[in-house]
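To start, the structure itself, in structure tokens.
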Amino acid sequence: MKFEDADILAFASGKTKKTPAPDKDEGAEKSTGMESNTGSENSPTGSYRKGPDTFPEDPLASVYGGAGGTVSGAGAGSDRVSGSGSGAGSDPADLPFEDFGAYDEGLAPSSASADEAFGIVTAGIDPLEITPAGATITGYISSLRRNEIRLGAYVVVPYEGGEKLFARVGKLQYRQEFAVDDATELHSRRMLGGRASPVNEEDYKFLAYLDPLCILYRKGQASPLSRRMADRIPRPNTPILPVRDRLEVQTGLNIPEEGIFLGHLSVGGELVKTHSEPETVAYYLRNDYSMGDPLVFRHMLVCGSTGTGKTFLTKNILRQFMTESNRYRLRNSPDDRARKNPCLVIMDPQDEYSQIFEDNATLTEDDRFRFESEKVAYGRVPSTKAFVAKVEGQTYPGDKSRAEQHEFTIPFSLVEHNSWLIAATGMSELQYIGLELLLGDFFKSSVPHTYLNFISHIDNEGTRSYYVDSGKLHEASYDGIVRRVKSRFFSKVFDQAATPITEILDRIFKPGQVSVFPTEYISTPRIRDLIVLTIMSLTVDNKLGTTGTDAIKNTPIILCLDEAHRYLSRAGGEHSRLIISRFADAARQGRKEGLGLFLITQDPQDIDDTVFKQVNTKLILNLNNDAAISSLKVPKEYERRIPYLKKGQMVVHSPDNSDIVEIIGLSNCVVKHQ
């Protein structure tokens with residue numbers, strides 16, 4: 001017996017197959033007498049019956065052996081189909097239909113809610129593939145969730161067996177669902193005219209291309225969540241889910257679960273939310289010895305344009321280091337008993353960091369609860385002290401905080417081993433060699449080693465004749481040296497009526513103390529630079545030298561340098577070259593010596609490459625300078641975001657801590673900020 005398509009459709013629809021209309025002559029033939037049984041096409045009694053005048057519950061019940069199921073055509077001569085001729089419960093194998101397995105046989109049912117999923121993985125647009133160089137994973141986003149998904153958003157795609165693909169949305173795309181041309185004048189006028197209906201999302205395919213970051217898995221039920229490289233692709237039709245578990249986010253992005261708090265994870269300026277309490281995902285900087293030295297000793301950089309919140313952010317970060325429980329090892333003393341709190345030394349050109357001594361009076365109980373739940377240190381640091389350089393004609397107002405103040409002066413004796421402190425930027429190599437010769441002879445003399453005595457020494461005609469006539473120095477070089485070091489700026493700084501800084505090093509470099517060096521009150525940039533370079537050289541020389549002062553050598557130090565580009569700029573002469581060489585050594589050896597550089601700048605492109613390459617953690621706020629952005633060497637997709645970052649938003653590039661991410665800093669300062 002041959003079944004036609006119309007017969008099969010009739011089984012499913014509950015209607016008989018329509019037969020061609022009879023000719024006029026055939027209509028005159030006599031009736032068979034079965035009209036009352038067959039009924040018309042629209043008759044409520046129909047022709048598919050389980051019992052008299054009733055429809056079966058399943059239109060295909062008779063086909064698959066339902067009791068009493070028959071299918072008859074219209075008319076006495078219609079074929080009758082039954083399971084095995086006539087009996088109920090006949091074997092479906094006798095039917096001429098091809099047998100097939102269940103559609104979802106072997107697939108684990110998805111536990112994901114349809115309302116929660118963004119969409120499904122699809123192979124209908126591009127083939128799913130993964131290679132050593134990358135992967136192509138395309139997802140179809142349902143029309144109800146299209147407004148929620150963003151470029152850069154984090155998603156998970158489950159595998160069978162409990163593993164999950166952790167991925168980032170790397171590309172969003174619309175494609176037409178139907179073959180139409182909407183790039184026509186007629187269509188554009190219709191859309192712009194307001195008479196057309198709003199665009200129907202179902203007329204378009206909305207696709208998300210996923211960049212796999214890793215695969216999340218557990219080795220056992222009780223084992224911790226781990227990650228490995230993406231080495232498999234998900235099956236088609238697998239749901240694409242938003243990340244709602246904080247641990248999955250931190251593991252997927254390789255973010256430590258504790259450490260120095262920097263901010264909260266975000267995408268496109270929107271905080272990433274989870275089902276945890278609090279719902280945000282805290283971003284921590286690794287601060288233990290589980291995988292090497294704490295990252296602060298691999299150095300940090302905060303960069304951003306003026307007004308983007310660099311100082312606000314820096315205060316919040318530096319405060320995290322000043323807790324009683326935060327201790328670091330000393331050189332050659334790996335046991336815990338030798339650990340000490342760090343000393344925070346801050347070069348402060350705007351007189352803002354001494355406010356770490358004060359509480360932020362605007363913090364609420366909700367703020368404090370949130371800080372405590374995320375292990376954010378807050379509140380004043382009572383050990384904050386301001387060390388003020390005495391400069392002739394300049395007075396430090398000290399009205400921005402109540403921190404204890406200590407006045408000091410820079411003794412000229414420091415120049416003996418740091419001749420570059422009085423060397424001008426434009427000094428040639430021959431002049432610099434001559435200056436070292438003059439300083440060496442002067443410090444061998446028995447006269448008091450002061451700046452004024454040195455100037456009197458080299459200004460003496462007899463001294464000049466001695467060096468020029470003996471051929472030790474050329475006449476032009478000697479005169480050039482005298483002109484450059486005989487400056488009224490130096491006379492205002494060296495050997496003033498205050499305690500020499502060399503005598504109070506044990507009061508400056510104390511574990512657990514914040515030592516701030518304000519320079520805002522000094523009107524001359526050259527004097528400010530001299531003071532800052534002196535403190536920096538003292539710190540570096542004693543840290544790296546074998547005979548350094550114990551107060552510096554035996555204390556972990558975080559040296560915070562605001563406007564770092566002023567002091568670590570690319571070498572433009574012998575003077576700059578020596579400074580850069582000194583701090584490049586400090587950057588390279590800081591990890592083992594317990595010296596961390598914390599650099600703040602709005603011109604990162606001006607920092608010398610030998611120092612810049614040693615910086616492991618970069619916190620990048622809004623920048624509009626293309627040269628500055630390029631110098632940071634972050635992935636291109638993040639480079640494009642930097643000019644659009646809002647105040648408090650930043651990109652964190654710290655390869656030894658996590659994948660590159662976007663975070664938002666705290667909206668409130670943990671200490672006073674005015």
Side-chain angles (χ1 to χ4, degrees), residues 101-175 177 204-221 223-255 265 267 272-275 281 635 637 658-661:
Y103 177 74
D104 57 355
E105 183 178 352
L107 292 179
S110 174
S111 61
S113 168
D115 295 335
E116 185 181 22
F118 286 123
I120 59 170
V121 174
T122 177
I125 304 299
D126 297 303
L128 295 176
E129 65 178 13
I130 187 168
T131 68
T136 301
I137 301 176
T138 309
Y140 175 85
I141 307 302
S142 63
S143 59
L144 297 178
R145 302 298 303 275
R146 293 178 181 179
N147 288 334
E148 301 176 33
I149 197 164
R150 295 288 184 272
L151 189 68
Y154 301 108
V155 297
V156 290
V157 181
Y159 297 100
E160 66 281 2
E163 294 185 346
K164 294 181 180 180
L165 175 69
F166 186 86
R168 180 190 293 116
V169 177
K171 177 181 174 183
L172 295 173
Q173 183 184 82
Y174 265 115
R175 289 196 186 186
E177 178 71 24
Y204 296 89
K205 301 179 191 291
F206 188 80
L207 307 177
Y209 291 82
L210 307 184
D211 294 332
L213 299 179
C214 64
I215 290 178
L216 304 174
Y217 71 99
R218 295 181 187 273
K219 293 182 179 179
Q221 292 293 336
S223 61
L225 188 65
S226 303
R227 73 177 219 154
R228 70 170 188 271
M229 67 169 289
D231 54 7
R232 56 186 298 204
I233 56 177
R235 291 183 175 184
N237 301 321
T238 308
I240 300 172
L241 306 171
V243 184
R244 297 300 188 205
D245 185 278
R246 179 188 297 173
L247 183 60
E248 287 183 353
V249 178
Q250 291 176 324
T251 305
L253 295 172
N254 204 26
I255 300 173
L265 189 68
V267 173
V272 174
K273 302 293 183 66
T274 67
H275 291 317
V281 180
E637 60 267 26
S658 72
D659 294 348
I660 183 170
V661 296

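Note: hydrogens, waters and symmetry copies are ignored here, and every other heavy atom, side chains too, is used. All of these numbers come straight from a predicted model, not from anything done at the bench.
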Which pair of heavy atoms, one from Pro212 and one from Ile137, lies closest together, and at what distance? CG-CD1, 3.8 Å

Qualifying residue, where the test is side-chain contact (heavy atoms from CB on, under 4.5 Å) with Val281 and the options are Thr274, Val661, Asp245: Thr274

Smallest heavy-atom separation, Leu241 atom then Pro158 atom, equals CD1-CD, 4.3 Å

Who pairs with Lys273 by side chain to side chain donor-acceptor pair (under 3.5 Å), at least two apart in sequence or on another chain? Glu279

Determine whether Ile130 and Asp231 satisfy the following criterion, side chain to side chain contact (heavy atoms under 4.5 Å, CB included), listing intermediate values before the conclusion. CA-CA 7 Å; Ile130 187 168; Asp231 54 7; 5.6 Å; no

Tell me, with the steps shown, if Leu265 and Leu253 meet side chain to side chain contact (heavy atoms under 4.5 Å, CB included). CA-CA 10 Å; Leu265 189 68; Leu253 295 172; 3.6 Å; yes

What's the verdict on side chain to side chain contact (heavy atoms under 4.5 Å, CB included) for Ile120 and Thr238, showing C-alpha distance, side-chain angles and the deciding distance? CA-CA 5 Å; Ile120 59 170; Thr238 308; over 6 Å; no

Can you give me the closest heavy-atom contact between Leu165 and Cys214, atom names plus distance? CD1-O, 3.6 Å

Measure the CG-NZ distance between Leu216 and Lys164 for me, rounded to the nearest 0.5 Å. 7.5 Å

Can you measure from CG (Leu210) to CZ (Arg168) and round to the nearest 0.5 angstrom? 11.5 Å

d(Ile215 CD1, Arg228 CZ) to nearest 0.5 Å is 4.5 Å

To the nearest 0.5 Å, what is the distance between CG on Leu151 and CD on Glu637? 9.0 Å

Minimum-distance pair of heavy atoms, taken over all atoms of Val156 and Glu248: CG1-OE1, 4.1 Å

Considering all heavy atoms of both residues, which atom of Arg232 and which atom of Tyr159 are nearest to each other, and what is their separation? O-OH, 2.7 Å

Partners passing ring pair (Phe, Tyr, Trp, His ring centres under 6.0 Å) against Phe166 (at least two apart in sequence or in another chain): Tyr154

dist Ile149:CD1 -> Phe206:CZ (nearest 0.5 Å) comes out at 6.5 Å

With rounding to the nearest 0.5 Å, note down the distance linking OG1 in Thr122 to CG in Asn237. 7.0 Å

Where is the tightest heavy-atom contact between Gly252 and Asp659, given as atom of each residue plus distance? O-OD2, 3.8 Å

